[in-house]
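All values below come from the heavy atoms of this structure, side chains included, with hydrogens, waters and symmetry mates left out.
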Amino acid sequence: MSHRLMASPSWRSRILSFILKRKFKPMMTAETLDLPSLRRQLESQAKSKKQIKGVSVSAVDSDGIKGEWQVPKGAADDSCILYCHGGGYSFCSPATHRPMTAALAKESRQRVFSLDYRLAPENPFPAPVEDALACYRWLRQQGIAADKIVLAGDSAGGGLCLALMLKLKEVGEPLPSAAMLISPWTDLAATGESVTLNEPTCAMFYTDTIVTGGQIYADGGDTKDPLVSPLYGDLTGLPALWICVSDNEILRDDSLRLAEKLRAQGGDVELLEWVGQPHVWPTFYPFLPESKISVKQMARFAEAQLN
């Protein structure tokens, strides 16, 4: 296992964390969260973001699969990155994450399929896992071999990538070539020390945000079910994983414990622990210089696995 500590935050990152702490974080308590309003706000902001030049975007809504292809010029047809967006399983979409995912497509010279899975609380577990599995099978039906697919996701989407791989193991289907996880949410039971320890320093969430969010997604079920919280699953036999996380965020230990368990079970994992970044900072592309660095790192990792 490789574990590297990355550089201190840039002034842009410090400013963004300051703004998030004062504008976004207060909206995220169990008492203040207005989910319909948050969804509208995020989708409205997404419409104003500039598109990445050299990457075409086309929507898909057929055969029970929703999402969009983000295709850079010259990309091969026989490989792709399957991206699962974050948002606590309850908000965000391919549109909110498009600046980063399209940049990843361009940097890696790989097609990205950004999955629009069903959201909680309207569609709690297992709906997102079912959608991810259906999409993975659909990609393979398009002629893309399993070892030509790299999974990627942030926060809840990172957890969903892991849950998908555990589900594939369960049903005996071939695993993808690798996975890239940005601050993955792997323990919805919220047992990590950082869930409380890092509450003051986390720019985006409170402890009760994570606890309540996990309960909503599990919908009365066991938050330690491995398909809900992959940290509790059997991680043997998983492909190579690339993980990045910030040292000051609430979900830090979801990544650190995941990496340690993978190492103990013989897995190949690279963990990059950054200093003082907001949760899922690569998704703030291109505003943060750190996001540009992380996207390039992901692109190089994906290229190495697919080539």
Side-chain angles (χ1 to χ4, degrees), residues 20 23-24 27-28 33-52 55-71 80-106 111-136 138-139 151-164 179-185 204-205 209 213 216-217 251 278-288 291 294-295 298:
L20 288 169
K23 298 292 185 180
F24 182 83
M27 299 166 51
M28 296 305 295
L33 179 60
D34 181 347
L35 192 54
S37 176
L38 178 62
R39 288 174 176 173
R40 288 193 299 270
Q41 180 180 337
L42 292 171
E43 294 302 322
S44 176
Q45 291 173 352
K47 292 178 182 178
S48 67
K49 294 177 180 177
K50 293 182 179 180
Q51 302 303 307
I52 301 297
V55 179
S56 65
V57 177
S58 57
V60 173
D61 188 358
S62 64
D63 301 322
I65 307 300
K66 290 186 66 177
E68 61 182 37
W69 280 112
Q70 298 158 5
V71 182
C80 75
I81 297 169
L82 170 55
Y83 196 90
C84 299
H85 68 79
Y89 292 109
S90 59
F91 54 93
C92 288
S93 70
T96 62
H97 283 58
R98 191 179 298 140
M100 189 268 286
T101 53
L104 175 60
K106 187 174 183 177
R111 297 187 300 161
V112 169
F113 188 82
S114 189
L115 175 63
D116 192 4
Y117 57 87
R118 290 171 290 169
L119 300 176
E122 299 90 342
N123 297 282
F125 175 79
V129 180
E130 293 171 345
D131 291 352
L133 178 62
C135 183
Y136 185 81
W138 176 77
L139 290 172
L151 303 184
D154 63 282
S155 197
L160 183 55
C161 289
L162 288 165
L164 170 58
M180 304 182 292
L181 313 177
I182 304 169
S183 303
W185 194 15
M204 297 178 71
F205 303 123
T209 312
I216 290 172
Y217 179 60
L251 293 185
H279 178 61
V280 298
W281 70 93
T283 64
F284 293 99
Y285 189 97
F287 177 72
L288 297 183
S291 69
S294 293
V295 167
M298 294 171 70

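Interatomic distance, CG of L33 versus CD1 of I216, reported as 7.5 Å (0.5 Å rounding). For the atom pair CZ (R111) and CG (L82), the distance works out to 11.5 Å, reported to the nearest 0.5 Å. Between E68 atom CD and S56 atom OG the span is 10.5 Å, to the nearest 0.5 Å. Atoms CH2 and OG, on W185 and S155 in that order, are 7.0 Å from each other to the nearest 0.5 Å. A distance of 10.5 Å separates CG in D154 from CG in L160, rounded to the nearest 0.5 Å. Considering SG of C84 and CG of L181, their distance stands at 10.0 Å, rounded to 0.5 Å.
Distance alone, capped at 3.5 Å, places no donor-acceptor pair between the S37 side chain and the D34 backbone. With S93 contributing its side chain and A95 its backbone, the two residues share a donor-acceptor pair below 3.5 Å.
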| said: Checking D116 against H85 for the side-chain hydrogen bond (donor to acceptor under 3.5 Å, both in side chains) test, could you report, in this order, the C-alpha distance in whole Å, the side-chain angles of both residues, the deciding distance, and whether it holds? | reply: CA-CA 8 Å; D116 192 4; H85 68 79; 4.7 Å; no

| query | V55 and V71: side chain to side chain contact (heavy atoms under 4.5 Å, CB included), yes or no, with the steps? | reply | CA-CA 5 Å; V55 179; V71 182; 5.7 Å; no

| request: May I have the step-by-step check of side chain to side chain contact (heavy atoms under 4.5 Å, CB included) for I65 and F113, ending in yes or no? | output: CA-CA 11 Å; I65 307 300; F113 188 82; 3.9 Å; yes

| request: Kindly determine whether L139 and C80 satisfy side chain to side chain contact (heavy atoms under 4.5 Å, CB included), including the steps that lead there. | output: CA-CA 9 Å; L139 290 172; C80 75; 4.0 Å; yes

| said: Y285 vs I52, test: side chain to side chain contact (heavy atoms under 4.5 Å, CB included). Steps then yes/no. | reply: CA-CA 11 Å; Y285 189 97; I52 301 297; 4.0 Å; yes

Please output the side-chain donor-acceptor pairs of residues 118-125 that fall under 3.5 Å, not counting sequence neighbours, one pair per line with the distance.
unit_1, atom_1, unit_2, atom_2, d
R118, NE, D131, OD1, 3.1
R118, NE, D131, OD2, 3.0
R118, NH2, A127, O, 3.4
R118, NH2, E130, OE1, 3.2
R118, NH2, D131, OD1, 2.9
E122, OE1, R39, NH2, 3.0
E122, OE2, R39, NH1, 2.9

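Two residues are said to be in side-chain contact when any heavy atoms from C-beta on lie closer than 4.5 Å; M204 and M28 fail this criterion. Side-chain atoms of Y83 and L115, non-hydrogen and from C-beta on, never get closer than 4.5 Å to each other. Residues M27 and L38 form a side-chain contact, since some pair of their non-hydrogen atoms from C-beta on lies under 4.5 Å apart. When side chains are defined from C-beta on, L151 does not count as touching M180, because their heavy atoms never get closer than 4.5 Å. Side-chain atoms of S114 and R98, non-hydrogen and from C-beta on, never get closer than 4.5 Å to each other. Between I182 and S294 there is no side-chain heavy-atom pair separated by less than 4.5 Å. Side-chain atoms of V60 and W69, non-hydrogen and from C-beta on, do get closer than 4.5 Å to each other. Under the 4.5 Å side-chain criterion, counting only non-hydrogen atoms from C-beta, L133 is in contact with L164.
Pairs of residues two or more places apart, or lying in two chains, never qualify as salt bridge (charged side-chain N to carboxylate O under 4.0 Å, His left out) while including a residue from residues 42-51.
Nearest approach of C92 to L42, heavy atoms of both residues: SG-CD1, 3.9 Å. Minimum heavy-atom separation, A156 to G88: CB-N, 3.8 Å. In terms of heavy-atom proximity, L251 sits nearest to S183 at CD1-O, 4.1 Å. Closest of all the heavy-atom pairs between P94 and Q70 is O-NE2, 4.5 Å. Taking all atoms of both residues into account, the shortest heavy-atom contact from C161 to G153 is SG-N, 3.8 Å.
The aromatic rings of F205 and F24 stand perpendicular to each other, their planes meeting at an angle above 60°, with 30° marking the opposite boundary.
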